[in-house]
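One-based numbering, in listed order, for ligands and for the atoms of each.
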Amino acid sequence: MTTTPPARPAFGTVLADQMSIATYANGAWGADKLTPVAPIPMHPSAHVLHYASTCFEGFKAYRYADDSIHVFRMDRHMARLRQSAKLLMLPVPDEVQLERMILQTIDRNRAQVPEPPGALYMRPVLFGTMPNIGAASQPSNEATLIVLASPVWDYFAGGMKPLRIYVEDQKHRTAEHLGMVKTGGNYAAAMGPTLAAKEKYKIDQVLFCPEGSVQETGAANFLLLREGHILTRSLDSSFLHGVTRDSLLTMARQMGFKVEERVFGVAEMMEWVKTGEAALSGTAAVLAGVGTLVRSDGTDVRVGSGDVGPVTQKLRAALVAIQNGTAPDTFGWTRRV
Ligand SMILES: *Cc1c(COP(=O)(O)O)cnc(C)c1O
């Protein structure tokens, strides 16, 4: 007899019961506390509501076969949140306090960490609460930091089916100097072009290549792959410096791959995908294979065989094995919590 797996809620729609919250005022962070997830009071003139002073993080805690819980590269995500805060002129979360808030949130929601392929997705969010609608060019001197957790299963409903990606060779995803900040406004900026392309070309995501230079999609980094070789854009302020990207490149180098990080254009990408692979990387998707690129003139370009390629599958499996604790973590990326 076959059993049907229970229906899984869509990514991000369900939160674990407890969250941690702290507020910043008068030049200092106040005490953090754990509370049940519930609406928060906020002044209608709060800075974030008018001037988008907000940033967030996303990373995962995994349940191993022995039921212990391990978080993946939490130090990198904490550092990135602090950097985002700094670049947005928001009060920077205290490192020790932020770490405690994350650890306590995981601990309180321990029973809600799913088994693989699920995980507990951690979502710290920081936003400006200074009540002043005249502060368009003034930083918020008050802020709230909340750590949310969400049990997640499959990000891409339909699992590992090859993605259909629209190549936007004109428009920018966001302002050039804010691309490396995980801030709400960037997603707002990408929303219009993404929805328009979805409607017109039935695509899953848009790959932004302003002035023909390949960057990333709305919420994931972009990699070109073939056996023994990876090409991806070198780090600059125009795109998000993914922890998954860094992990995959580090693993590939250790496996003997040539890893090229440099600027490249749409023409070179089109040449690569005649025989090579393309994939999106991020915490939620891990590494998701691209099957088709849709050019701005509406024509489809098949990526390799049109299926998720073998190099993509191999690297994805190797990273997932470290995250789930089924392969040894020789990089020191996982931390038992
Ligand atoms: C979060 C995010 C990524 C992926 O970053 P990871 O650290 O790998 O999860 C890539 N691009 C954008 C725009 C993102 O918001």
Quiz item: Among Arg80, Arg82, Arg123, which one satisfies salt bridge (charged side-chain N to carboxylate O under 4.0 Å, His left out) with Glu57?
Solution: Arg80
Self-check item: Option from His241, Gln215, Arg233, Glu216 for which side chain to side chain donor-acceptor pair (under 3.5 Å) with Asn221 holds
Solution: Glu216
Quiz item: Using 30° and 60° as the class limits, which term best fits the ring planes of Tyr24 and Trp29: parallel, tilted or perpendicular?
Solution: perpendicular
Quiz item: For Thr194 and Ile203, which heavy atoms make the closest approach, and how far apart are they?
Solution: O-CD1, 4.4 Å
Self-check item: For atom 5 (O) of ligand 1, the protein heavy atom that lies nearest, with its residue and separation
Solution: Gly242 CA, 3.4 Å
Practice problem: Run the numbers for me: atoms of ligand 1, each under 4.0 Å from some heavy atom of Arg173, listed by number. | Solution: 13 (C)
Quiz item: When the ring planes of Tyr62 and Phe72 are compared, do they come out parallel, tilted or perpendicular, using 30° and 60° as the limits?
Solution: perpendicular
Self-check item: Selected option - heavy-atom contact closest to atom 1 (C) of ligand 1, from Arg76, His77, Lys182, Arg245
Solution: Lys182
Self-check item: Closest non-hydrogen atom pair, Trp272 against Leu225
Solution: NE1-O, 3.1 Å
Quiz prompt | Heteroatom proximity flag, Arg80 to ligand 1, N/O under 3.5 Å | solution = yes
Exercise. Check each atom of ligand 1 against the heavy atoms of Glu216 and keep those under 4.0 Å away; list them by number with element.
Key: 10 (C), 11 (N), 12 (C), 13 (C)
Quiz item: Can you list the atoms of ligand 1 that are under 4.0 Å from a heavy atom of Gly282?
Solution: 4 (C), 8 (O), 9 (O)
Quiz item: Is it the case that one hydrophobic cluster holds both Val266 and Leu163, taking links as side-chain heavy atoms less than 4.5 Å apart, direct or via other members?
Solution: yes
Quiz item: Hey, does Val243 come in under 3.5 Å of ligand 1, counting only N/O atoms on both sides?
Solution: yes
Quiz prompt | Contact atoms of ligand 1, heavy-atom distance to Tyr187 under 4.0 Å | solution = 13 (C), 14 (C), 15 (O)
Quiz item: What residue and heavy atom of the protein are closest to atom 9 (O) of ligand 1, and at what distance?
Solution: Thr283 OG1, 2.6 Å
Quiz item: What are the two closest heavy atoms between Ile102 and Met74, and how far apart are they?
Solution: CG2-SD, 3.9 Å
Quiz item: Got the closest protein heavy atom to atom 3 (C) of ligand 1, with its distance?
Solution: Ala219 O, 3.6 Å
Practice problem: Look only at interatomic distance and state if Ser281 has a nitrogen or oxygen under 3.5 Å from any nitrogen or oxygen of ligand 1. | Solution: no
Quiz prompt | Sub-6.0 Å ring centroid separation between Tyr121 and Phe11 | solution = yes
Exercise. May I ask whether Ala284 has any heavy atom positioned less than 4.0 angstrom from an atom of ligand 1?
Key: no
Quiz item: Does Thr244 approach ligand 1 within less than 4.0 angstrom via side chain, backbone, both or neither, non-hydrogen atoms only?
Solution: both
Self-check item: Under 4.0 Å to a heavy atom of Ala220 - the qualifying atoms of ligand 1, by number
Solution: 10 (C), 11 (N), 12 (C)
